[in-house]
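Contents: one structure, followed by commentary.
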Amino acid sequence: MAVQIQKTYRLGEFEIDPNKRLLKREDGDSVHLSNKPFQVLLYFVENRDRIVTRQELLDQFWDGRDVYDITLTKCVGAIRKALGENPEKPRFIETRWAEGYRYIGPFAEGLASATPAIRDEVKSETTVESPQSEATNGQLGQPNTPAVDTPGLAILSAGQLVAPGQAHAKSEFTSEPTLSSSLPRSPLRSALRNKFGLKVLLALVVLVIIVAWVFLSRTKPASKITGPDWSQAKSTKLTNQAGMEFSVNLAADGKSFIYASRASGNWDLYWQRVGGRNTVNLTKDSTFDDMQPAYSPDGNHIAFRSERPPAGLYVMEATSENVRRLSDVGFNPAWSPDGKELVVSTDFFTDPVKRSSIPSQLWILDVATGAKRLLTEGDAVQPSWSPSGRRIAYWALQQGGGQRDIWTIPANGGEATRVTNDEALDWNPVWSPDGKYLYFASDRGGSMNFWRVLLDETSGAAQSVPETVTTPSVYSQHLSFSRDGKRLAYVQKSETRNLQGTGFDPLKEEIKGEPVVVTQGSRYVTDPDLSPDEEWFAFSSQGEKQEDILLIRRDGTEQRQLTYDSFRDRSPRWSPDGKRLAFYSDRGGRFEIWTINPDGTGLRQLTYTSGASAVYPIWSPDGNQMIYKQRASQPFLFDLNRPWTEQTPQKLPLIAGLGEDFWSSSWSGDGRKLAGTWVFNRINYLHVYDFETKTYENLKFRSGRPIWLSDNRRLLFEWDGRLHVVNTQTKKSHEILSADPFTITSICPTRDMSTLYYTLQKTEADVWLMNLE
């Protein structure tokens, strides 16, 4: 009988056994990888000397169907996850943008156990179930079982003897038949032929079960974290004012708390007793925004962010006396356990979903002198200092994509350790007072709630999988502990963004009539855009669990879902002919510009950039060109009529002496100008770029994303939640609409300017307390 020699492939610490369809680590542990990803990985390895194109993979494994947008990307993602690979620094699979993939990892060939060949002529008219265990994928034989050359019998790798004429059984993992039968004259069959043997066999089985139970009960690791059981805590609402109370910070004794609120018209810091209703405005003398308060460990001082000139990180006594500016940089301050230092981030955000991808650094500030030292080079925000002072936790955006994960880093600097690495939105890390757990906010359970992991404070390594810490809230954030760990204060938030419109007199520049609702309820509408025929709005659902592109009729009567997957699809924009929609998405592994037809077909990637992400597409009025933005760079202009590989996108010029922070938002209908904002010291100023003169004009208004009216002369823009109009020729501006205490965003006028559509953001946030006592 012939014996087949099977190859195995060694990929560093991994081994592939193609015959058994098995991926395992060098310690022998198998790695779960479903059938299709396993086949694709094997294909990459066997074609490691070249680039494997996407079309080749589609033809090879999906019969050429157009599934790259979802299926192929997820397939490669499953491979990366199984190999523990970071897409930003690939060890095994390299992505070649606009080309395909290539295996770049270590490689060596080996030999699998010798397997006797099974003759194809062995036939059967009867199907017999295999006695092999499904849990072991049909690999029950002893690895050192010697091959036996028995005439008239085929020998399986499991050590089973199969006589000619016995059955074929189709394998779960391959289309090739496998042989199965009962064992002729085996010891098991012999034992079953007499009662005494049966009793002995049953006794042996019971003994094995008892021994296994004793062994597992002694060696099995704990399956759950044994920390405080917050499901038994009593929940109490501490604030009940209209509007938002953010950034709660509980006093060490758990009897009082501080927070930020806009109750006075601007952000101020407030003190309140737990169980009380009277509040004290600690920054009432400031007309500028003061936010993000943090108690010092001894409770005698408060660090906070202030926009009072000069803006920066401030410290004051808990009684609000002796206010002093400590640094020009600093958001979300966190104290060191000894109260001598503060760690701050350089980026400000109000919502983790809408946070920009501009990298943020962490700095350590000396409270006495104001001296500062850089802690991190990559992205890092919202730091939290561990109780022992050894490590600092933070969250960060994945470079080139939208993934948000938790990290820790030594307080003295060094290599950061990742705590979470998945598609869930993880943010707001806070150490438990005993330093054993790291709590954080995450939507991994469906809603934004708190989770925790058991953590080695010395190494920063997670010692458990995340465990939910459920609060009676659909959106929880900003948690804070009392010193004894028995009280946990947090913020419950509810927010909606719905599309509505209002009449507008373009001559008098006045609002007419009452608002007309397009969407309502818990909808979260962002970046709406009205189709050229003014029949449909396209919008993204950024801010919800899943970020997709949707269409809804102008009268709100019909809605269509264009994308429905785990990728982040944002900022749709209609083509001038209404036949396509452009948007940016991370479905290719990083944010790039994509297009899709209004019926959901024709999904196609347009840009294949390098460096920072490509975001915010804008069509030229004739539909032949497009503008996109890359972080930390000027906008780029490219030709839509030429393949990406045959052109070099043109970068818009700089303003002398300024950074590359122009963010375009609207192309004038005559094609001559581009409106947008230029960022100076974190403030957006309204600018207009002239394509003919290649110059910028600063209109000197603070602005959100401006939109041209159809006269190519006036602009609509949002600032501080209110709607304004500005004449670019006279430079005169005035407010035309306020929805206080709510916020107006994302403006979208009709062509005749008779109706202005916008999203109305309604946010309510209150402080709650969970008490274990």
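Numbering starts at 1 and runs along the sequence shown.
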Q. Charged N to carboxylate O below 4.0 Å: is that the case for D527 and R705?
A. yes
(Q) Are the side chains of W427 and Q382 in contact, using a 4.5 Å heavy-atom criterion? (A) yes
Q. Can you tell me if T95 uses its side chain to pair, donor with acceptor, with the backbone of Y101 under 3.5 Å?
A. no
Q: May I ask you to decide whether R554 forms a salt bridge with E535, counting only side-chain N to carboxylate O separations under 4.0 Å?
A: no
Q) Is a donor on one side and an acceptor on the other found under 3.5 Å between the side chain of D577 and the backbone of G623? A) no
Q. Does E13 come within less than 4.0 Å of R25, counting only side-chain N to carboxylate O?
A. no
Q) With under 30° as parallel and over 60° as perpendicular, where do the rings of H687 and W678 fit, or are they tilted in between? A) tilted
Q: Tell me yes or no: between the side chains of E592 and T609, is some donor less than 3.5 Å from an acceptor?
A: yes
**Q.** Gap between atom CG of L455 and atom OG of S464 - 0.5 Å precision
**A.** 8.5 Å
Q. Does the separation of the ring centres of W667 and F691 fall below 6.0 angstrom?
A. yes
Q) Parallel under 30°, tilted from 30 to 60°, perpendicular over 60°: which one fits the rings of F636 and Y628? A) parallel
Q: Report yes if the side chains of F583 and R573 come closer than 4.5 Å at any heavy-atom pair, otherwise no.
A: no
Q. Once you round to the nearest 0.5 Å, how far does OG1 of T763 lie from OH of Y475?
A. 10.5 Å
Q: Check for a donor-acceptor pair, side chain of D443 on one end and backbone N or O of A424 on the other, with a separation under 3.5 Å.
A: no
Q) Do the two ring centres, one from F440 and one from W451, sit under 6.0 Å apart? A) no
Q. Should the ring pair Y103 and F92 be called parallel, tilted or perpendicular, given that the plane angle runs from 0 to 90° and is split at 30 and 60?
A. tilted
Q: State whether E94 and R102 are salt-bridged, where the test is any N-O pair (Lys NZ or Arg NE/NH1/NH2 against Asp/Glu carboxylate O) under 4.0 Å.
A: no
(Q) Quick one: does any side-chain atom of E85 pair with a main-chain N or O of R91 as donor and acceptor, under 3.5 Å? (A) yes
Q. Which is it for I618 and M626 under the side-chain contact (heavy atoms from CB on, under 4.5 Å) test, yes or no, and what are the steps along the way?
A. CA-CA 6 Å; I618 305 172; M626 182 174 287; 5.7 Å; no
Q: Could you tell me whether D379 and R355 have a side-chain N and a carboxylate O separated by less than 4.0 Å?
A: yes
Q: Calculate, to the nearest 0.5 Å, the distance between atoms CG and CD belonging to D351 and Q761 respectively.
A: 8.0 Å
Q: Run through R568, R570, R404 and flag the one making a salt bridge (charged side-chain N to carboxylate O under 4.0 Å, His left out) with D586.
A: R568
Q.
If you count heavy atoms of other groups shown closer than 6.0 angstrom to CZ of R48, is the number above 12?
A. yes
(Q) Can you tell whether the side chains of D29 and K24 come within less than 4.0 Å, N to carboxylate O? (A) no
Q | Pairwise distance OG(S665) to CD1(I627) - rounded to 0.5 angstrom | A | 11.5 Å
Q: Look at atom CD of E423 and say whether more than 12 heavy atoms of other residues, nucleotides or ligands are closer to it than 6.0 Å.
A: no
Q) Between F450 and Y439, is the gap from one ring center to the other below 6.0 Å? A) no
Q: May I ask you to decide if Q546's main-chain N or O and S541's side chain share a donor-acceptor pair within less than 3.5 Å?
A: yes
